[in-house]
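Read through the structure below, which is laid out as structure tokens, and then see the notes.
Side chains are part of it too, since the values below use all heavy atoms of this structure and drop only hydrogens, waters and symmetry mates. Since the structure is predicted, the reported quantities are computational estimates derived from the model, not experimental observations.
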There are 2 protein chains.
Amino acid sequence: MDDEEASQRVLDAAEALFYERGLQSVGIDDIRSTSGVSLKRLYRCFHSKQELVTAYLDRTDRRWRAALANYVRSAAEDPRDAILAVFDWLGLWFAEPGFRGCAFINAHGELGEVSPAVAAATRRHKEALLAYLTQLAEQAVPGAGRALANQLLLVVEGSIVTAAVHGASGAASAGRAAAAALLDAAELSRTARLHRD
Amino acid sequence: MDDEEASQRVLDAAEALFYERGLQSVGIDDIRSTSGVSLKRLYRCFHSKQELVTAYLDRTDRRWRAALANYVRSAAEDPRDAILAVFDWLGLWFAEPGFRGCAFINAHGELGEVSPAVAAATRRHKEALLAYLTQLAEQAVPGAGRALANQLLLVVEGSIVTAAVHGASGAASAGRAAAAALLDAAELSRTARLHRD
DNA sequence: TACTCTAGAGAACGGCCGTTCTCTACGGAA
DNA sequence: TTCCGTAGAGAACGGCCGTTCTCTAGAGTA
């Protein structure tokens, strides 16, 4: 086993444990025994727990956003469907075993500004999500994408949090319905604007 | 200083510290020194840290929901305004110094099912919030309150989380705009339903 | 075979945390 | 004044955690 594979195993273990139990509840020794990587090598690959947390959040950010974008790209035909597909994907995610909300919201809630690195990673993740939603919203309702995306972001975050606290039931479909209504409203005010000018 | 006052002081210190730094980052000694209550008395009033956490969450739940309901009651004239006033109050809350999101979402994100007591308190709090929103929504759009409240809850939660991560700017007003659009949509489909029947 | 280098296992270390215990001082009753 | 009960201060205890260090075994090379 070379360092590359060891890093992956450690990161896999860290992801599973951090996501399930939180950052502070998981000890390095838990990650060591779960990954099967010796402490010596673990500390060669990641110089500290903090570095491991950062790597965990970075990889989660990349994977999560890629999975969402892939699903939306392959499931949606037009811009409006794309936005609704976001919530279909959320529903699939919520139904996964072990779902426990957004890793970033959880980490940020746990540490907040106590850990500037975690806070910064959370902000980056949410900004990227907002940028993605803005892109989708701009395609669906040209000229009103930014305002719509801000509202959609609230519904997405709310769905995730509600699903995490209450279990999957209904949060995704309620979010989808809310998104559809917000889309309708944005389209309506856009056509009204066009007719006025 | 009697036990009653000591309990209040301890709870005040716990609230400030837990909310700012999270549950696990705060030690009993921090609470002792901040409250100025001796360790002996502290443990007489609260038998363990867990009990103190539970008391903190309970009091926060009561105060938070009372503050929201009071504001809405005094600020809104009709049912529609009441729902929009919820987001005005959120905006005031977000702007308070030291605002760091929802104490329950943070605690739940930190510990999740690792602490069943925290998870249960979070569920209770959010169910009470949903019940309150359902009551407001039912007054605004009779017969469609439940569905509307489910959507409003998502927007409320999303606003809180977004404000916590990104700072106050815009989350409350975006939430207000989204709520208004969702209200319009619910009213529209209600009148359509009435005309159909 | 003899030597060297590396890796793994886990002991060790310093520090913190929740909780309990000890010691001292003091206020009120006899 | 003497005794008693209580309170506070903080030491003590057991345990965990992140990180480093030690020791041993084995693989590769001459």
Side-chain angles (χ1 to χ4, degrees), chain A residues 1-58 106-107 110-118 121, chain B residues 1-58 106-107 110-118 121:
Chain A
M1 180 167 60
D2 59 355
D3 280 10
E4 178 59 32
E5 194 197 332
S7 292
Q8 289 302 317
R9 284 204 204 181
V10 169
L11 217 37
D12 289 345
E15 179 179 326
L17 295 172
F18 284 153
Y19 183 69
E20 182 189 345
R21 294 194 229 151
L23 268 24
Q24 293 179 100
S25 296
V26 172
I28 290 286
D29 218 54
D30 298 323
I31 294 171
R32 183 199 54 75
S33 61
T34 301
S35 65
V37 170
S38 77
L39 223 45
K40 193 175 199 169
R41 198 197 274 264
L42 194 158
Y43 270 96
R44 189 170 352 113
C45 296
F46 303 92
H47 303 83
S48 68
K49 186 181 180 181
Q50 172 60 54
E51 195 173 315
L52 190 49
V53 167
T54 303
Y56 151 62
L57 291 177
D58 279 359
N106 292 347
E110 177 171 355
L111 292 172
E113 299 300 330
V114 168
S115 167
V118 166
Chain B
M1 181 169 55
D2 60 355
D3 279 10
E4 178 58 33
E5 193 196 332
S7 292
Q8 289 302 319
R9 283 204 205 181
V10 168
L11 216 37
D12 290 344
E15 179 180 326
L17 295 172
F18 284 153
Y19 182 69
E20 180 188 345
R21 295 193 228 152
L23 268 24
Q24 294 179 98
S25 296
V26 172
I28 290 286
D29 219 54
D30 298 324
I31 294 170
R32 183 199 54 74
S33 61
T34 300
S35 65
V37 170
S38 77
L39 223 45
K40 193 175 200 169
R41 199 198 276 264
L42 194 157
Y43 270 96
R44 189 174 348 117
C45 296
F46 303 92
H47 303 82
S48 67
K49 186 181 181 181
Q50 172 60 55
E51 196 174 313
L52 190 48
V53 167
T54 302
Y56 152 62
L57 291 177
D58 280 358
N106 292 347
E110 176 171 355
L111 291 171
E113 298 301 329
V114 168
S115 167
V118 165

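- When each of A/Tyr43 and B/Asp3 is assigned the nucleotide of DNA chain D bearing its nearest heavy atom, the one mapping closer to the 5' terminus is B/Asp3.
- Residue-level contact check: A/Arg44 touches the backbone only, with heavy atoms under 4.0 Å from sugar-phosphate atoms and none from bases.
- Toward the 5' end of DNA chain C, the nearer of the two residues B/Lys40 and B/Ser48, judged by each one's closest nucleotide, is B/Ser48.
- Remark: side-chain polar atoms of A/Ser115 are not paired, donor with acceptor, to backbone N or O of A/Leu111 under 3.5 angstrom.
- Nucleotide C/dA7 holds its C1' atom 14 Å from the CG atom of A/Asp2, rounded to whole Å.
- Look at CD on A/Gln24: it is 20 Å from P on C/dG15, rounded to the nearest Å.
- When heavy atoms are screened at a 4.0 angstrom cut-off, B/Val26 is found touching the sugar-phosphate backbone but no base atom.
- Taking atom CG of B/Asp30 as the reference point, atom C1' of C/dC16 lies 11 Å away to the nearest angstrom.
- One can place CG of B/Asp29 at 17 Å from P of C/dG15, the figure rounded to the nearest angstrom.
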**OP:** Run the numbers on B/Phe46 and B/Leu11 for side chain to side chain contact (heavy atoms under 4.5 Å, CB included), then give the verdict.
**Re:** CA-CA 10 Å; B/Phe46 303 92; B/Leu11 216 37; 4.2 Å; yes
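- Among the nucleotides C/dA7, D/dG18, D/dG8, the one closest to the side chain of B/Arg41 is D/dG8.
- Taken from CG in B/Leu52 to NE2 in B/His47, the straight-line distance is 12.0 Å, to the nearest 0.5 Å.
- Nucleotide C/dT19 holds its P atom 10 Å from the CD atom of B/Glu51, rounded to whole Å.
- Rounding to whole angstrom units, CD1 of residue A/Ile28 and P of C/dG14 are separated by 20 Å.
- Checking D/dA9, C/dT19, D/dT19 against the side-chain heavy atoms of B/Ser38 singles out D/dA9 as nearest.
- In terms of heavy atoms, A/Val37 sits closest to A/Arg9 at CG2-CB, 4.1 Å.
- Atom OH of A/Tyr43 and atom SG of A/Cys45 lie 12.5 Å apart (nearest 0.5 Å).
- Nucleotide C/dA9 holds its P atom 8 Å from the CZ atom of A/Arg32, rounded to whole Å.
- Distance A/Gln50 CD to D/dC17 P: 18 Å, rounded to the nearest Å.
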